[in-house]
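Numbered from 1 within each chain, the chains take letters A, B, ... in sequence-line order.
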Amino acid sequence: MLIKRKNGQAGATRLQAAAAGLAAGAVDRRSFLRRSGLTAGALAAAGSIQLGAVRKAQAAGSSAVSPEVVVKKNICTHCSVGCTVTAEVLNGVWVGQEPSWNSPINRGTHCAKGAAIRELVTSDRRLKYPLKLVGGEWKRISWEDAINEIGDKLTAVREKNGADSVYWLGSAKFTNEAAYLFRKFGAFWGTNSVDHQARICHSTTVAGVANTWGYGAQTNSYNDIRNAKTMIIMGGNPAEAHPISMQHILAGKELNRANMIVIDPRFTRTAAHATDYVRIRPGTDIPVMWGLLWHIFENGWEDKEFIRQRVYAMEDVRKEVAKWPPDEVERVSGAPGAQLRRIAEMFAKEKPATLIWCMGATQHTVGTANVRAFCMLCLATGNVGKPGTGANIFRGHTNVQGATDLGLDVTTLPLYYGLVEGAWRHWARVWEVEYEWLQSRFDEVPAIAGRKARTRKENMETPGITSTRWFDGVDLPPDQIDQRSPLRAMVVFGHGGNTVTRIPEAIEGMRNLELLVVADPHPTTFAALNARQDNTYLLPICTSLEMNGSRTASNRSLQWGEQVVKPAFESKNDYETLYLLAKKLGFAESMFKNIKVENNVPSAEDVLREINRGGWSTGYCGQSPERLKAHMKNQSKFDLVTLRAPKDDPEVGGDYYGLPWPCWGKPEIRHPGTAILYNTNLNVREGGGTFRARFGTERKGVTLLAEDSYSKGSDLTDGYPEFTMAVFKKLGWDKDLTPEEMAVIQKIGGDKIDAVSWANDLSGGIQRVCLDHGVSPYGNGKARANAWNLPDPVPVHREPIYSPRPDLVAKYPTRPDERQFRMPNIGFTVQKEVVERNVVRDFPLILTSGRLVEYEGGGEETRSNQWLAELQQDMFVEINPADASARGIRDGQFVWVDGPEAKAKVKVKAMITERVGKGTVFMPFHFSGWYEGEDMRRFYPKGADPVVLGESVNTITTYGYDPVTAMQEPKATLCQIRTA
Amino acid sequence: MARMKFLCDADRCIECNACVTACKNEHEVPWGINRRRVVTLNDGRPGERSVSMACMHCTDAPCAAVCPVNCFYTTADAVVLHSKDICIGCGYCFYACPFGAPQYPRIGNFGSRGKMDKCTYCTGGPEPDFSVAEYEKYGSNRLAEGKLPLCAEMCSTKSLLAGDGEMIAAIYKQRVIKRGYGSGAWGWKTAYRETVTI
Amino acid sequence: MKPFVVAVVAAVAIALGASVLLGAVQELAYQKFQTSAVRLSSPGTNLVGLKWNGDPTPADITEMTRDKAEEERLDAKGS
Amino acid sequence: MRSGLKLLSTLLVAVTLVAGPVAVGVALAQEPMQAGQNPTGQDPTADAVNEELLFKHESTIRGVVSIPDKRAGNLIQPQGREYRAFHERWLPWIAAVVILGMIVVLAAFLLIKGRMKSPRSAEKIKRYNVLERFTHWMTAACFIVLALSGLNYIFGKRLLMPLIGPDAFGTASQLAKYSHVYLAWPFMLGILLMLALWVKDNIPNRVDWAWLKAGGGVLGGHAHAGRFNAGQKVIFWMVIGFGLAMGFTGIALLFPFTLAGIHGMQLMQVVHASIGALFIAGIILHIYTGTVGIEGSFAAMGKGEVDLAWARAHHDLWVEEQQAKAAGGAHLGHPQPAE
């Protein structure tokens, strides 16, 4: 362990104090010492502090006693709950952690990862200096050379194959500022192929929920679950993925004697504390959801008034639900009808009720449909927009919410503006860059294989390649890939590489890349799979604990993390690395025009201010660095349940903790943020809201605006469209705008001033006036039960590609083959082959994957943490005792797990448990470093390999992508197990 | 004077191992020495419960009694500690400990098994408070800083309670009355010869 | 008297032989409780002392000698 | 009476310890504790496990841990307190009574009956060869040290620590532990050698029965005896029996948890200590008879040859046998007509 916590120089003052205590007999247990004659000689010895030696820095002491210890506050870099980390720093060395009692989210607590996070910064398994792969050997290289060589190679690739041939894979571990800079970097480079872990996390949630009621994010918060009377946790295991959320869930369950229902293929640690547990077959979420709604509609338990006022076309859902009586639901999913009836009654009657979901619902080829079905249950029972209700979407990584908001998504620019021309012009204005220059950065795409050619403008408005299929972008024949050239180079920031399905194909992709750059605190799987011999660079990046920046937790609160210690070894933070790359590629001045850069390190505060200047569409405009820092300083003032500070407080009066977006208007307006989305019981000025009217005002003669429902204190007492200058003029509110605001709007609108909306009015005047009138800037619409623009307007059950029930595939096939995200999605063909080849005969077991509490994401960082690695030393597969005895497998022995594609196989330990049902097996996805039975440790750079290695489950996971977001399907595939 | 005890509310423990890594972090506990660990009973079946266990600092501690060199002592707030200078690593305390708390640096009893190490309730050992020797042999000393053991302070769901016996018993009793169920104070009858009666 | 002396010497010899043999065979906790998937650089020495026997590191050893000693022990154990 | 019961329960516990885990383990594997609760049943919290329920099924509460040290799965094993009760209340009394009792009895016997006189003669007869004496003294020397260091585990803190202070006692105990652990190996080797050397002469036969009936000559009357009389055979089988038992349990204690679980280890320690106490008492008796008890006996092991008259008095059949062999073979010392 790099840092040993032993006393040093600082201890000198304390020793006198201790000696004095001894002499005065104050310390009673010393009586034992005197009797035993143990001399107090040890007092005299005091080692000296070894400063400077970065590798072996020694300093120790405990805060209460030695004055030199400085306390720094940052946010845990692991999951999205957003626990505050209180670090004790002595002489620039992080020596200890104390509970962060004041944070309203974690109230002093941590999970295993948070309590061990100090090791991340002090571990000697970090990537220490830039490395370059030459002939299969890792050679040390300086930062300057690395940046120069990478820059030159990128420019060469660009000349030969165009901007779209370089893939930019960002990270959910970025701070908001780094995520925003990375998306801006992608735009300045000239490609939309900029993605991150949200793709394999909640991409389907964002698409599905946004297309239902406006924003795709957690509507309430962890703390708000304390108000819930009923909670369904479906497709989620918070006990392992979001442990601190369980503090609020269990408190809610205890204080309200709430019904806690877990619906999951496994009897997880969360299910152990549930009041009801339903075991279902993986991939049958929609039948179960329609089963619940069937009982609700059958018995008329739905909230009719809520549906009439705020939901459009619920009758289409009724028609689809009618096809799912209890026996069909049980035939398909295995969930007993009587139990679903009881659960449906609880959810509809014992309100407020909330629906919590995570990867179990999203990682399917029907992910988007799943999520919309979940929203229907909330809408039908009126469980949205009130305390204790809502769709509590538990996001995964520390800043997957922020990185998604800030545009690390191939379908949009920062803050969900999309890729339409208006979006590009908006950001061109914010970045103070010519729109035409941005357009010039994009490739022209010639006509290939019968597809129409694309001008630079059209290509600029076409979504890029998703992170789930980057290797298809390299390997597929060029004519199948709808861009100028297949991918030639990839730049990866903070991404594990073993969390995307079909790793054998990914290795093929890695082999064919001309250039691979991995910027990460650890070498990651990309460096370990022995796929490449040359042109691979590892850049050491520091963790978010070693830099300033804000991150957005799953409950949409932004929290500011202050730098705990300087970046370890030769690592640099993301801002500096992006600045150096931008400088090398020649667009640094324009990219960092309004951002102060001191010796190559851009200021995080300035980046956040730029985000505020452009973040109108999602309400990222009110969270100034000053306000966030004030929140971190006054954490104890925020209420545990409502997350709100008392009104009269001078610094943070009335604010919700972390100013959860949307936080309307400029920071000076001091909008408190919106703790609960779509809450019509509060004034919009107090964080109230309505459903977003983003799908137009009417469709086929039926209004899409809310009826007789409006937020408290709203001047308009019925549905209203989103606000543009045209609407303002009709209402006469344009007179309320100040001359300065009018000037800015005039400049933006030019001749089409009526088109300037609340989202692209940089003055913030429209939003300010909306708040004065107590109306939601984005309008007051109805949630859509029928999302006509999605492949399945009303969610329809479709069997997984590798379904264990060929008989059901005929009745519930997957969607037909189609081109999505620049390449073909041949899910239908693959599913048909699976049925024809009767794959289920040779691969009878359903394989599902998921999280462990000790590891996170790809696991490189946490498996390099000695304190965590000791708790889970072996990759394992959970097998039901019946399946194990049928194959003669003993607990703890090695077994081979064969995957149906590419003859892939993994060697893992068997864990025999009744946690999984008969016919289902489970494997965690955090391991890598072994490949098909072979230990790949020697391919890691010397001394930077994680402590624990193991097989990756995604070596054997299979083809299958959601039509709307290309989400992968690791939650439901097939496999076979045999003894090793 | 407070009577320090541990109480793990098994109806809240989710086996997240925060207590384990908090202990490792606070005292730099090396690999292989597990002062605290979480045991899951009835794993994978309805009624599954996890309990975090280190040393319960028993009343009339069996380990102190069987120690051939009497290297144990109990502090005023009833924390059972021992001196590593006197311990001869014979292993008797492990046979006597009802909770498997003692840990030994070496496997096998021949020659030296290494000095026994166990949970010190974050209050160090017979060395001057906050001294180098104390940290090297017993770890940090939170109680002397007026704090409580870090495992309990950082427990993710506030399941593991540490502090004065009556206080944490009262907290637990209050919880069970409020929520209507409780699987009891694990190990109290064996450790303290009394338990929390609701 | 001679056989008595020889016997005692033999006993001590066998005892020493046993101590050396057993000492070599003896595993440390961090070696026993790690699986084939683990590579540890330094298991840590706090609480168990430099030689992993619980004896505290003598106070007068400076930091540098401790690290050197630790490296030697690790190499000797071939961990 | 209550303490008697306590002793009984401790021994009972000792007996069940070995059988216990095996039987129950099997029961657990067959049917889960709750009557076949279907995992999709309602309200998993309702039947949460608790201590009483688990203790009904098994003597320890065991569960699953994710770390390699599976012993950590033992959450609560109350037998720790019973082991402590035996080790701290019963063992010291047993050891004290047995050992001091033996010493007192022998002292009394010495005072009343005095040393047993043996006839003298000028001639000697070979009794034990070099190898036998070497084995005897190696085992004996080790036994002395093992006994002392063993007793130190029990009585050290009660008797020695108050005298020399905890610090010195600590280092002394450390040395005692090292010597105990390492000298055990030559001791075990010695036991095996003894077994090999003398087992053929120690098979009990009718002569021994007669010897015993005659009270071994102590109560007057004459009894024949071969190379080893019944008393010596008892001692031999005690040394071999106890020696092997101490060796086995000792090795189990040296390599903890390789042969047994927590209860097994407690049992090993209990057996090791109890037999140790008896063993020491037995050897005290042996030392007495070999030195003070019967005049002239020490020479047997001391110099390897004994006075012919002594031999005739105590081992007449053996002398005849030796002389018969001598008559047929090399001349054996000075011939002396058998009485």
Side-chain angles (χ1 to χ4, degrees), chain B residues 10-11 15 17 20 32 34 37-51 53 58 62-63 65-71 83 85-92 94-100 103-104 107-113 181-191 195, chain D residues 32-34 37-39 41 43-54 61-67 69 71-81 83-85 87-88 152-154 156-157 161 166-167 169-170 173-174 176-178 181-182 253-258 262 265-266 269:
Chain B
D11 293 297
E15 201 240 345
N17 280 315
V20 176
N34 299 301
R37 84 272 186 196
V38 181
V39 181
T40 300
L41 312 170
N42 209 14
D43 181 53
R45 287 198 296 271
E48 168 191 290
R49 281 295 168 270
S50 300
V51 180
M53 181 55 71
C58 301
C63 53
V66 296
C67 175
V69 289
N70 260 353
C71 77
S83 160
D85 307 330
I86 299 175
C87 166
I88 59 172
C90 66
Y92 284 5
F94 190 84
Y95 306 145
C97 172
F99 305 102
Q103 304 285 307
Y104 303 93
I107 305 302
N109 202 353
F110 28 85
S112 153
R113 196 181 196 159
Y181 58 86
S183 59
W186 290 83
W188 273 43
K189 262 209 281 306
T190 309
T195 188
Chain D
M33 254 170 300
Q34 282 77 25
Q37 173 85 37
N38 157 11
D43 201 349
T45 1
D47 45 37
V49 286
N50 52 48
E51 267 186 32
E52 295 74 27
L53 178 84
L54 291 173
I61 294 185
R62 282 184 299 168
V64 166
V65 280
S66 66
I67 47 176
D69 178 7
R71 285 174 312 152
N74 281 331
L75 184 65
I76 309 174
Q77 52 102 5
Q79 287 67 30
R81 285 207 181 267
Y83 164 75
R84 167 258 176 91
H87 194 272
E88 287 315 300
N152 175 50
Y153 279 121
I154 306 170
K157 62 181 178 187
M161 188 142 117
D167 200 35
F169 175 69
S173 299
Q174 186 70 60
K177 179 170 184 292
Y178 279 125
V181 157
Y182 290 131
L253 289 169
L254 279 182
F255 301 89
F257 297 101
T258 42
I262 180 73
M265 293 312 295
Q266 288 164 345
Q269 215 282 318

Output the option from B:Cys97, B:Pro98, B:Gly32 having the highest count of non-hydrogen pairs under 4.5 Å with chain D.
-> B:Pro98
What is the minimum heavy-atom distance between B:Met53 and D:Leu75, and which atoms define it?
-> CB-CD1, 3.6 Å
Can you list the residues that meet the side chain to side chain contact (heavy atoms under 4.5 Å, CB included) rule with D:Val65, with sequence neighbours excluded?
-> B:Arg37, B:Val39, D:Ile67, D:Lys70, D:Ala72
Considering only heavy atoms and a distance below 4.5 Å, find which of B:Leu41, B:Asp11, B:Val20, B:Val66 pairs most often with chain D.
-> B:Val66
D:Pro256: which of B:Phe94, B:Tyr104, B:Tyr95 passes side chain to side chain contact (heavy atoms under 4.5 Å, CB included) | B:Tyr95
Select, from D:Gln269, D:Arg71, D:Arg84, the one with the greatest count of heavy-atom pairs under 4.5 Å involving chain B.
-> D:Arg84
Heavy-atom distance under 4.5 Å to chain D: side chain of B:Ala10, backbone, both or neither?
-> neither
Beyond-backbone contact of B:Phe99 with D:Ile76, side-chain heavy atoms, under 4.5 angstrom | yes
Answer key: most heavy-atom pairs under 4.5 Å with chain D among B:Ser183, B:Gly184, B:Gly91, B:Ala96 is B:Ala96
Could you have a look at B:Cys67, B:Gly182, B:Gly100 and say which one has the most heavy-atom pairs with chain D under 4.5 angstrom?
-> B:Cys67
Within the distance-only criterion (no hydrogens, no angle test), does the side chain of D:Arg81 pair as donor or acceptor with the backbone N or O of B:Ala191 below 3.5 angstrom?
-> yes
B:Cys87, part contacting chain D, at a heavy-atom distance under 4.5 Å | backbone
Hey, does the side chain of D:Lys177 reach the backbone of B:Cys90 with a donor-acceptor pair shorter than 3.5 angstrom?
-> no
Are the side chains of B:Asn70 and D:Phe169 in touch, meaning some heavy atoms are under 4.5 Å apart?
-> no
Parallel, tilted or perpendicular: which describes the rings of D:His87 and B:Tyr92, with under 30° parallel and over 60° perpendicular?
-> perpendicular
What is the minimum heavy-atom distance between B:Pro68 and D:Lys157, and which atoms define it?
-> O-CB, 3.4 Å
With sequence neighbours excluded, tell me which residues meet side chain to side chain donor-acceptor pair (under 3.5 Å) with D:Glu51.
-> none
Could you grab the distance from atom CD1 of B:Ile88 to atom CG of D:Asn152, nearest 0.5 Å is fine?
-> 7.0 Å
